[in-house]
Every structure is written in structure tokens, then in C-alpha cells.
Amino acid sequence: MLLLFVCTVALRAQDTFKTETSSGVSNIRIAVADFKPSSADPLASGFKHTFDSTLYADLANAGIFDIVSKSLQPQSTPGAPAEINVQQWAAAPTSAAMVAFGSFGVQGSKIVCNGFLFDAKNLQYPQILAKQYTEDASEDSARQIAHRFADEIIFRLSGGSQGIAETKIYYVKIGGADKEIWEMDYDGANQHPITHLGSVSLSPRISPDNTRLAFSSLGRDGFQVRMYSMLLGRMVNFPSVGGTNLSPAWSPNGKDIAYSSSRSGDPEIWISDANGNVSRRVTSFRGPDVSPVFNPRTGSQIAWISGRTGLPQLYIMDTDGSAVQRMTDGGYATSPSWSPNGQFLAFAWDRKYGPGAPGGQDIYVMEIATKRWIQLTHDGGRCDFPSWSPDGRHIVYANSADGKDSHMKVWTMLADGTQKRALTGAGADMPNWSWK
């Protein structure tokens with residue numbers, strides 16, 4: 001079943017359109033019980049609290065569930081299938097269609113967690129899912145177990161769509177004059193640095209297999225594309241070339257990287273292999289060409305920003321530079337991001353750009369086939385750098401209420417612009433969601 005976001009747009013007063021942003025089932029009413037303690041280890045209580053709160057938040061953030069408030073749940077705490085009365089959970093006021101429950105404890109130095117998902121309406125065969133997890137006892141393990149169980153539930157109840165609870169977000173952390181690349185969990189937890197270059201690093205882009213992180217960094221040769229190995233935990237070689245080289249982007253097969261390079265004079269879009277070799281230029285117009293991004297579904301198209309007609313506009317083209325289409329009709333466009341299903345582009349756009357003009361820089365989504373768009377942010381200050389979640393249900397972006405770079409925060413929202421919430425404090429910019 002398709003999750004449909006229905007939005008009225010201002011292209012023409014009488015128009016509405018539907019954007020099919022993801023596969024999944026909407027509005028499944030699910031109760032998420034606190035798990036039953038299964039040990040008396042003094043560490044278990046804190047870890048269990050972390051697990052319970054993370055699981056609840058993961059399912060609440062998924063965008064496909066109606067979560068039952070814990071105040072409406074039965075007082076019983078089932079830890080195993082034999083201990084749950086599904087009729088009690090299906091009855092008002094809980095009125096749950098599904099129930100997630102289980103047991104959690106620490107045995108020796110290991111967390112042992114048993115999780116279950118029951119169909120509260122199916123009295124004969126209620127069990128849908130049963131999982132056991134055993135990990136080293138730590139706060140992070142409790143969180144990661146909750147993420148994995150949440151993704152299992154989402155996968156089962158969304159028609160096979162993968163969850164995002166185990167995904168990562170990469171971003172730029174501003175610290176004084178330096179800008180380093182940081183990583184966090186999808187929900188803003190576990191924020192930590194990846195690079196320690198003591199320089200200005202921008203536009204992190206994780207590879208499709210999560211093994212390499214490409215970004216642009218300022219060094220003795222100016223801004224160059226750099227490469228960090230997530231497997232080795234260190235920088236690896238990526239050749240420097242002439243000019244300014246910015247905003248790398250991976251092809252969906254991980255074999256190519258597109259980026260903006262001024263090696264030939266004007267900033268143009270170039271494509272090289274994943275090691276920085278065998279480079280070729282794919283644009284050749286006067287005016288800067290920047291911020292390329294591949295169509296993640298086909299790999300055969302690139303969206304990018306070009307100033308060839310004056311103010312920056314959004315374009316798409318085939319990867320050989322042919323079939324160029326201008327997508328925006330004016331204003332000042334930046335930072336495109338292609339949806340996982342290949343049907344939509346998210347980007348930042350100041351539609352009424354100019355001195356004294358009303359409006360500002362907001363996040364928009366455009367349906368590529370029709371060039372119709374919807375505006376997702378309104379009157380919240382400067383918004384930029386949208387990036388889609390791999391399930392297509394969410395968008396992460398940067399926002400500064402007063403427009404100052406140092407006040408930028410990373411935010412997330414559903415792909416219809418609802419459920420906005422900040423993931424970081426000030427000094428975080430240019431987020432990029434992992435492919436999986």
C-alpha cells in the first residue's frame with residue numbers, strides 16, 4: 001500500500017497533486033509496552049529504560065503508526081507470549097491493532113532481550129514476530145537492540161519497506177574557525193566526530209555501502225575532494241586536481257563520484273571513478289555548475305544547480321551531459337537531493353529572491369514528471385541542504401532561525417513537512433542521510 005501525502009500547491013490556484021513518497025501502510029495503531037525485567041542485575045534497569053524509550057521513539061518517528069499513549073495501556077507487563085491477553089490490548093481504551101512487548105535483562109556481561117510483535121485482533125494466531133538479541137551490556141547496545149527490533153517491526157508491517165532506525169546522518173560540525181565531519185544516529189543520538197583535520201570540511205557524502213565518506217576540505221591546494229575509510233578509520237588517498245573541487249556525490253552503484261570542479265576555469269560538473277581517476281567533464285556552459293546528485297534509482301541522471309541563466313536554478317540531465325532540463329522557474333535554488341524512488345527532488349529555494357522581497361529560503365519538494373512542487377518549511381528562517389532518508393518517508397535539513405551559519409541546526413521532518421524536530425544544537429550543517 002502506498003503512503004500518500006496530499007498537498008495543495010500554489011502553481012495554479014485550482015491545482016492539487018499527490019506525491020507518493022514511500023511504500024508502507026499508514027495509521028496502524030500499535031501499543032509499545034515497556035519490556036518486563038528478566039534479571040536483578042543493577043545495570044539492567046538503566047539499560048532497560050534506554051531500550052524502552054528508544055523503541056517507543058523509533059516507532060513513533062516511523063511515520064506509519066498511530067502510537068498508543070502509555071497511559072492508555074493495560075497495567076499488566078507481559079514478558080512472554082504466555083503472559084499476554086491480547087483481548088485486553090485490543091479493547092478500549094487501548095484499542096491496539098498490534099502490540100510490541102517482551103523481556104529485557106542482563107546476564108553476566110550480556111544484555112538478553114526477547115521481543116515479540118502480536119496481532120491483537122487475531123486471537124487464534126496472534127504472533128507475527130519473535131526475536132532474541134544478545135549483546136555486550138552497554139548503553140549503546142541497548143539503543144542498537146531497540147533500533148534493530150524497531151526496524152524488524154517496520155519491515156513486517158510496511159509491506160517490506162526497510163526501517164531507518166539503524167541509519168546514520170553525517171553532517172558538518174562548526175567549532176570556531178574549523179569545520180569537521182561528524183556522525184550521529186538517525187534520531188540525533190550518539191553524536192561524534194569522524195574527521196580531525198583542523199580545517200574547513202564541507203558536504204559529507206557516505207557511499208552506498210557505508211564504507212567510505214567523501215567530502216570537500218580546504219588544504220594547501222584549496223578545496224579538494226577527500227576520502228575517509230569507515231572500515232580503516234582513517235583518510236585514504238583521493239587525488240588532488242587543479243581549481244576548487246566541491247560537493248561530491250556517489251552514484252548508486254558506488255563506482256562513480258560526481259562533483260563540481262573549476263579546474264578548467266568555470267565550475268563545471270565532473271564525474272570520476274570512486275578512486276578519483278578517469279575524470280570527465282559533463283557540463284560546459286558559462287556560469288557555475290555545482291551540487292550534483294545522482295538519481296538513486298537509475299544512476300542515469302544527475303540533478304544539479306547551474307547559474308548559466310543568471311541566478312542559480314535547478315536542472316536535471318543524463319550522466320553524459322545530454323537531455324538538460326531546467327526545473328525551477330525563477331528565484332534562487334540550491335542543494336538538490338533526489339528521493340530514493342527517483343520521482344522527486346527536494347531542494348532549498350528562495351522563490352522571491354531579491355532586496356525587500358517577501359519570503360525566504362525554504363525546503364521544497366518537486367515532482368519531476370510534472371515540475372509541480374510543494375513547500376515544506378515556512379517562516380522558520382533559512383533552510384538548506386535537504387537529504388532524504390532511505391525509506392523516502394523523512395527529510396533531514398539544516399535551519400538557522402536568524403540566518404547565521406553558526407546558529408544552523410540539523411532538523412528532521414516527515415516528507416510532507418510535518419513532525420519537525422531538531423536533532424542537534426547550534427553549529428551543525430550540511431546533513432547527509434546514509435543510503436541504508
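By convention here, the first residue in the shown sequence is residue 1. In this text, all values refer to a predicted model and were calculated from it rather than measured experimentally.
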Can you classify the ring geometry of [X] versus [Y] as parallel (below 30°), tilted (30 to 60°) or perpendicular (above 60°)?
X: Y332; Y: Y353; answer: tilted
X: Y133; Y: F149; answer: perpendicular
X: F116; Y: F118; answer: perpendicular

Under the side-chain hydrogen bond (donor to acceptor under 3.5 Å, both in side chains) test against R382, which residue among D405, D402, D350 passes?
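Of D405, D402, D350, side-chain hydrogen bond (donor to acceptor under 3.5 Å, both in side chains) with R382 is met by D405 alone.
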Determine whether the side chains of [X] and [Y] contain a donor N or O and an acceptor N or O closer than 3.5 Å.
X: E180; Y: S201; result: no
X: D362; Y: H378; result: no
X: S261; Y: N245; result: yes
X: E367; Y: T370; result: yes
X: T94; Y: Q73; result: no
X: R393; Y: S161; result: yes
X: T167; Y: W433; result: yes
X: S138; Y: D140; result: no
X: D384; Y: Q361; result: yes
X: S39; Y: D41; result: no

So do the side chains of [X] and [Y] get within less than 4.5 Å of each other, counting heavy atoms only?
X: Y259; Y: L246; answer: no
X: R205; Y: I257; answer: no
X: I154; Y: F65; answer: yes
X: R212; Y: W250; answer: yes
X: V99; Y: I30; answer: no
X: I128; Y: M98; answer: yes
X: I111; Y: F104; answer: yes
X: R234; Y: V236; answer: yes

Here's a test for you: under side chain to side chain contact (heavy atoms under 4.5 Å, CB included), which of L129, L117, L157 qualifies with E152?
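Result: among L129, L117, L157, L129 is the only option passing the side chain to side chain contact (heavy atoms under 4.5 Å, CB included) with E152.
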Between [X] and [Y], is there a donor-acceptor pair closer than 3.5 Å when you use the side chain of the first and the backbone of the second?
X: T377; Y: I363; result: yes
X: K371; Y: R326; result: yes
X: S260; Y: S291; result: no
X: S434; Y: K168; result: yes
X: Q301; Y: T298; result: no
X: W182; Y: Y170; result: no
X: T211; Y: M230; result: no
X: S406; Y: G427; result: no

What do the steps show when you test H192 against E183 for side chain to side chain donor-acceptor pair (under 3.5 Å), and what is the final call?
CA-CA 6 Å; H192 61 276; E183 177 191 75; 2.8 Å; yes
Establish, for the pair K420 and W411, whether the NZ or CZ atom is under 6.0 angstrom from the six-membered ring centre and no further than 45 degrees off its axis.
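Pair K420/W411 does not count as cation-pi.
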Closest approach of H147 and Y186, non-hydrogen atoms and distance?
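H147 and Y186 have their closest heavy atoms at CE1-CE2, 3.9 Å.
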Do you know the tightest heavy-atom contact between W338 and P296?
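That closest heavy-atom pairing would be CB-CD, 3.4 Å.
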Given the rule in the salt bridge (charged side-chain N to carboxylate O under 4.0 Å, His left out) test, do K255 and D273 qualify, once you have shown the distances and angles that lead to the verdict?
CA-CA 6 Å; K255 295 181 179 180; D273 66 23; over 6 Å; no
Partners meeting side-chain contact (heavy atoms from CB on, under 4.5 Å) with N122 (sequence neighbours left out)
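For N122 the side-chain contact (heavy atoms from CB on, under 4.5 Å) partners, ignoring immediate neighbours, are D119, Q124, Y125.
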Is it the case that more than 12 heavy atoms not belonging to K110 sit under 6.0 Å from its NZ atom?
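More than 12 within 6.0 Å, yes.
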Evaluate the criterion ring-ring contact (aromatic ring centres under 6.0 Å, His included) for residue pair F35 and F101; output intermediate values, then yes/no.
CA-CA 6 Å; F35 274 38; F101 67 99; 7.6 Å; no
Compute the ring centroids of Y397 and F385, then answer whether they are less than 6.0 Å apart.
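No.
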Go through the structure and list residues passing salt bridge (charged side-chain N to carboxylate O under 4.0 Å, His left out) with K436, not counting sequence neighbours.
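For K436, no residue satisfies salt bridge (charged side-chain N to carboxylate O under 4.0 Å, His left out) once neighbours in sequence are set aside.
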